[in-house]
Amino acid sequence: MNQLCLYLLNQCKTLRTVDHIHACLLKTGLLSDPYIFGKLLHHCSVTISYSLDYATRLFLHYPKPNVFMYNTLIRGFSESPRPQNSITTFIEMRRESSLFSSVPPDSFTFAFLLKAAANYGSLMTGMQLHCQALIHGLDRHLFVGTTLISMYGECGRVDFSMKVFDEMLEPNVVAWNAAVTACFRGGDLESSERLFESMPFKDSTSWNLMLAGYAKAGEMEMVRKVFSEMEVKDDVSWSSMITALTQNGCFDEVFSVFMDLQRLGLRPNEVSLTGVLSACAQAGAFEFGRVVHGFVEKSGFSWIISVNNTLIDMYSKCGNVAMARLVLETMPAMKNIVSWTSMIAGLAMHGHGDEAIQLLNEMEESGIEPDRITFVPVLYACSHAGLIEQGHECFSKMKNVYNIEPSIEHYGCMVDLYGRAGDLRKAYEFICQMPVPPNDIIWRTLLGACSIHGNVELAEQVKERLSELCLTDSGDYVLLSNIYAVAGKWNNVETVRRSMTNQRIKKTPGWSMIEVDKIMYRFVAGEKQNNITKEAYDKLREIMLKLKVEGGYVPEVVGSVLHDVEDEEKEDSVTKHSEKLAVAFGMARLCKGRVIRIVKNLRICRDCHTVMKLISKVYQSEIVVRDRSRFHSFKDGSCSCRDYW
DNA sequence: CTAGGGTTAG
């Protein structure tokens, strides 16, 4: 009976099934056995991580918990969203109550407690725990010492990490590795390298952490060097490499490393898969992403939450919200806060404001509380769909129901909400009464609103604020110049242009990408000719002609280019915009009836927006453009943004 | 029956 229950417990993956075992143990009286009880507690707080509430209630009913039980609960809390509970449990453990004497902590206790302190980055707590460990004579314990090194590294005191490390009697590889990682955390690449070189022994973890460390510092040359010099590449090496490339925007390399991995007959793990899918999401590689999704299903990775969440993100960012929804609705893994937030973000990007709000409600009904990150896409959805009332409601719900202090991102969404809707005065007043100082993004949002609604005076003031912050970018100048151009103030356009030249501010080059046969093609405006661009240009010329004849197209040049030059030249530079080239290339290469999906690094311009609408009508084809800020889905002459931008 | 260092999603 004893063995059977333990066996069954190990099979339990959800709380529902644990419940049955719990009842069984209770009925047979086995639950009072400390060993059995400890197993059950461990299962609830560590193995099934989202059942900590259950574990806590279980624990409270146990008459005299031992060290193992305390350690188990502390460990569970240390990885939870509220690691502070580990400390509370420790205090409880140390308290002398009238019934029981306090339970003395051991090395396990401190390892878990320090992990908790590291996870919420509290140096004060970490130091107090360090003292406690010292009092109990456990600060010299090898495992405790190693966790101290990590904790100090996570809490931003690498100097303390080094002190602990230097005073260690016999550091092993793990301690060395912890020290190297701490140096990377502190941004001290040289110390990391020096330590790495002087290690008496290196294991594969040592190599892997060098790779990850360089990746986080953006040192991609070193990442590639480490990866090629590694004699033994394990699972983690491959997935670290893939994440390293993904995090640094080297998407082509992600795809080729992923294929190398498979070519060598190795099986990608879930981390590699999330990495590749995230690369697909960012690059807009829909076809490739679909293939990876197929692999996920076939190889039994559908149970992994993070993989599902990245699939939702991938489909959304590749323009297919319907598929994203399907993943969310059918995923076998338990939906967590990231799943819901990703989907809300997907709907927001596509301008489906009402659905985004509805999903927030569904999320709340399912028992998962939205956090500060969730509210960013929620508010974004409201502003991009013109839902002023709902935006307002969500903002106060966040503050009053969930007690979330709005951050600058939330304020930014609100400024956008008012500004985009044309209430520039309210947007401005909102900025003035914010409890945090406005940053460049806030002002830039307002500048964008001025541009949409043609408010020259406010735009000038805003530009002034931006200049004071010394954070102007080329886009701000272009925006201001366009505002002047629309108002016909050509002298001012000229002034802006000249100040750009004087300050050597270069326009960020615009590029657009399109995937054809799982290969991404990138087009840059005004790029020199090659076979690919020639093909695009030829097709584009044909398209523009047809649009003029059949669609009544007139180039909209004023708001879109910087220079006040001859009309023909203006028309020419607008024609060369990368998104037009990418679309033309897609029209030339893709079969008729296929959706043309474009990813652009900047915002799509008005003229291109008009052209896309016309193409979708004249050619009866669907075009989806993901620009810097959102999706535009063109169908039969109109856009999903309803010209709300 | 529990540990420490390396890779994952909004």
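Reckoned from all heavy atoms, side chains included, excluding hydrogens, waters and symmetry mates. Reminder, nothing fancy here: chain letters follow the sequence lines and each chain counts from 1.
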J.: Would you mind telling me which of B:dG4, B:dG10, B:dT7 lies closest to the side-chain atoms of A:Ile337?
T.: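 Closest nucleotide to the A:Ile337 side chain: B:dG10.
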
J.: Is A:Phe108 stacked against the base of B:dA3, taking the criterion as centroid distance under 5.5 angstrom and interplanar angle under 30°?
T.: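 According to the criterion (under 5.5 Å, under 30°), yes, A:Phe108 stacks.
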
J.: Grab the CG-P distance between A:Leu328 and B:dA9 for me, whole Å please.
T.: 19 Å

J.: Return the nearest nucleotide to the side chain of A:Asp106; candidates are B:dT2, B:dT8, B:dG4.
T.: B:dT2

J.: What is the distance from NZ of A:Lys39 to C1' of B:dT2, rounded to the nearest Å?
T.: 10 Å

J.: Can you tell me the distance, in whole Å, between the CG atom of A:Leu277 and the P atom of B:dG10?
T.: 12 Å

J.: Counting side-chain heavy atoms from CB outward, which of B:dT2, B:dG5, B:dT7 is closest to A:Arg75?
T.: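 In terms of side-chain proximity for A:Arg75, the closest of B:dT2, B:dG5, B:dT7 is B:dT2.
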
J.: Go through B:dT8, B:dT7, B:dG5 for me and flag the one nearest to the A:Glu270 side chain.
T.: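 Output: B:dT8.
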
J.: Determine the contact category for A:Thr72: base if any of its heavy atoms lies under 4.0 Å from a base atom, sugar-phosphate if only primed atoms, P, OP1 or OP2 are that close, otherwise nothing.
T.: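 Result for A:Thr72 = nothing.
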
J.: Base, sugar-phosphate alone, or nothing: which one does A:Asn308 contact when heavy atoms must sit under 4.0 Å apart?
T.: nothing

J.: State whether the distance check finds a donor on one side and an acceptor on the other, under 3.5 Å, for side chain A:Thr243 versus base B:dT7.
T.: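 When only heavy-atom distances are counted, A:Thr243 does not reach the base of B:dT7 through any donor-acceptor pair under 3.5 Å.
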
J.: A:Ser107 has a side chain; which of B:dG5, B:dA3, B:dT2 sits nearest to it?
T.: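 Minimum distance to the A:Ser107 side chain belongs to B:dA3.
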
J.: Pick base, sugar-phosphate or nothing for A:Ser278, based on heavy-atom distances below 4.0 Å to the nucleic acid.
T.: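 Result for A:Ser278 = nothing.
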
J.: From C-beta outward on A:Ile373, which listed nucleotide comes closest to its side chain: B:dG10, B:dT7, B:dG5?
T.: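 Of B:dG10, B:dT7, B:dG5, B:dG10 is nearest to the side chain of A:Ile373.
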
J.: Roughly how far, to the nearest 0.5 Å, is the CG atom of A:Leu73 from the CZ atom of A:Phe90?
T.: 14.0 Å

J.: Taking the side chain of A:Asn309 as its heavy atoms from C-beta onward, which of B:dG5, B:dG10, B:dA9 lies nearest to it?
T.: B:dA9

J.: Considering only heavy atoms and no angle criterion, is a donor-acceptor pair shorter than 3.5 Å present between the side chain of A:Asp371 and the base of B:dG10?
T.: yes

J.: Tell me whether the side-chain N or O atoms of A:Ser342 pair up with the base of B:dG10 as donor and acceptor below 3.5 Å, since no angle test is needed here.
T.: no

J.: Base, sugar-phosphate or nothing for A:Leu142? Non-hydrogen atoms, less than 4.0 Å.
T.: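 Base: the residue A:Leu142, judged by heavy atoms under 4.0 Å, touches a nucleobase.
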
J.: Does atom CD of A:Glu190 have more than 12 heavy-atom neighbours from other groups under 6.0 Å away?
T.: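 Incorrect, the count does not exceed 12.
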
J.: Counting only side-chain nitrogens and oxygens, does A:Gln247 get under 4.0 Å of the OP1 or OP2 atom of B:dT7?
T.: no

J.: Without decimals, in angstroms, what is the distance between A:Tyr315 OH and B:dA9 P?
T.: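 My rounded result for the distance is 19 Å.
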
J.: Among B:dT2, B:dG5, B:dT8, find the nucleotide with the atom closest to the side chain of A:Asn71.
T.: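 Comparing B:dT2, B:dG5, B:dT8 against the side chain of A:Asn71, the answer is B:dT2.
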
J.: Between A:Lys216 and B:dT7, is there a side-chain N or O to OP1/OP2 distance below 4.0 Å?
T.: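 Checking B:dT7 against A:Lys216, a side-chain N or O does come within under 4.0 Å of OP1 or OP2.
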
J.: Let me confirm one number: the CE-NZ distance from A:Met210 to A:Lys225, rounded to the nearest 0.5 Å.
T.: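 It comes to 9.5 Å.
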
J.: From C-beta outward on A:Tyr35, which listed nucleotide comes closest to its side chain: B:dC1, B:dG4, B:dT7?
T.: B:dC1

J.: Any side-chain N or O of A:Lys202 under 4.0 Å from OP1/OP2 of B:dG5?
T.: no

J.: Taking atom CG of A:Leu134 and atom CG of A:Asp139, what is their separation to the nearest 0.5 Å?
T.: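 One finds 4.0 Å between CG of A:Leu134 and CG of A:Asp139.
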
J.: In this structure, how many angstroms lie between the C1' atom of B:dG10 and the CE atom of A:Met349, rounded?
T.: 10 Å

J.: Can you check the A:Glu170 CD to B:dG5 P distance for me, whole Å?
T.: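 From A:Glu170 CD to B:dG5 P: 20 Å.
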
J.: Starting at CE of A:Met363 and ending at C1' of B:dG10, how long is that distance when rounded to a whole Å?
T.: 10 Å

J.: Does A:Asp235 reach a base, just sugar-phosphate, or nothing at all? Heavy atoms under 4.0 Å.
T.: nothing

J.: Could you walk me through whether A:Leu417 and A:Leu379 pass the side-chain contact (heavy atoms from CB on, under 4.5 Å) test, one step at a time?
T.: CA-CA 8 Å; A:Leu417 182 77; A:Leu379 297 174; over 6 Å; no

J.: If you round to the nearest 0.5 Å, how far is CZ of A:Phe301 from CG of A:Asn308?
T.: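 Answer for the CG-CZ pair, A:Asn308 versus A:Phe301, is 12.0 Å.
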
J.: Once the angle between the rings of A:Phe143 and A:His141 is folded into 0 to 90°, is it parallel (under 30°), tilted (30 to 60°) or perpendicular (over 60°)?
T.: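 Judged by the thresholds at 30° and 60°, the geometry between A:Phe143 and A:His141 is perpendicular.
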
J.: I need the CZ-C1' distance between A:Phe258 and B:dT7, as an integer number of Å.
T.: 15 Å

J.: Using a 4.0 Å heavy-atom cut-off across all strands, classify A:Thr374 as base, sugar-phosphate, or nothing.
T.: base

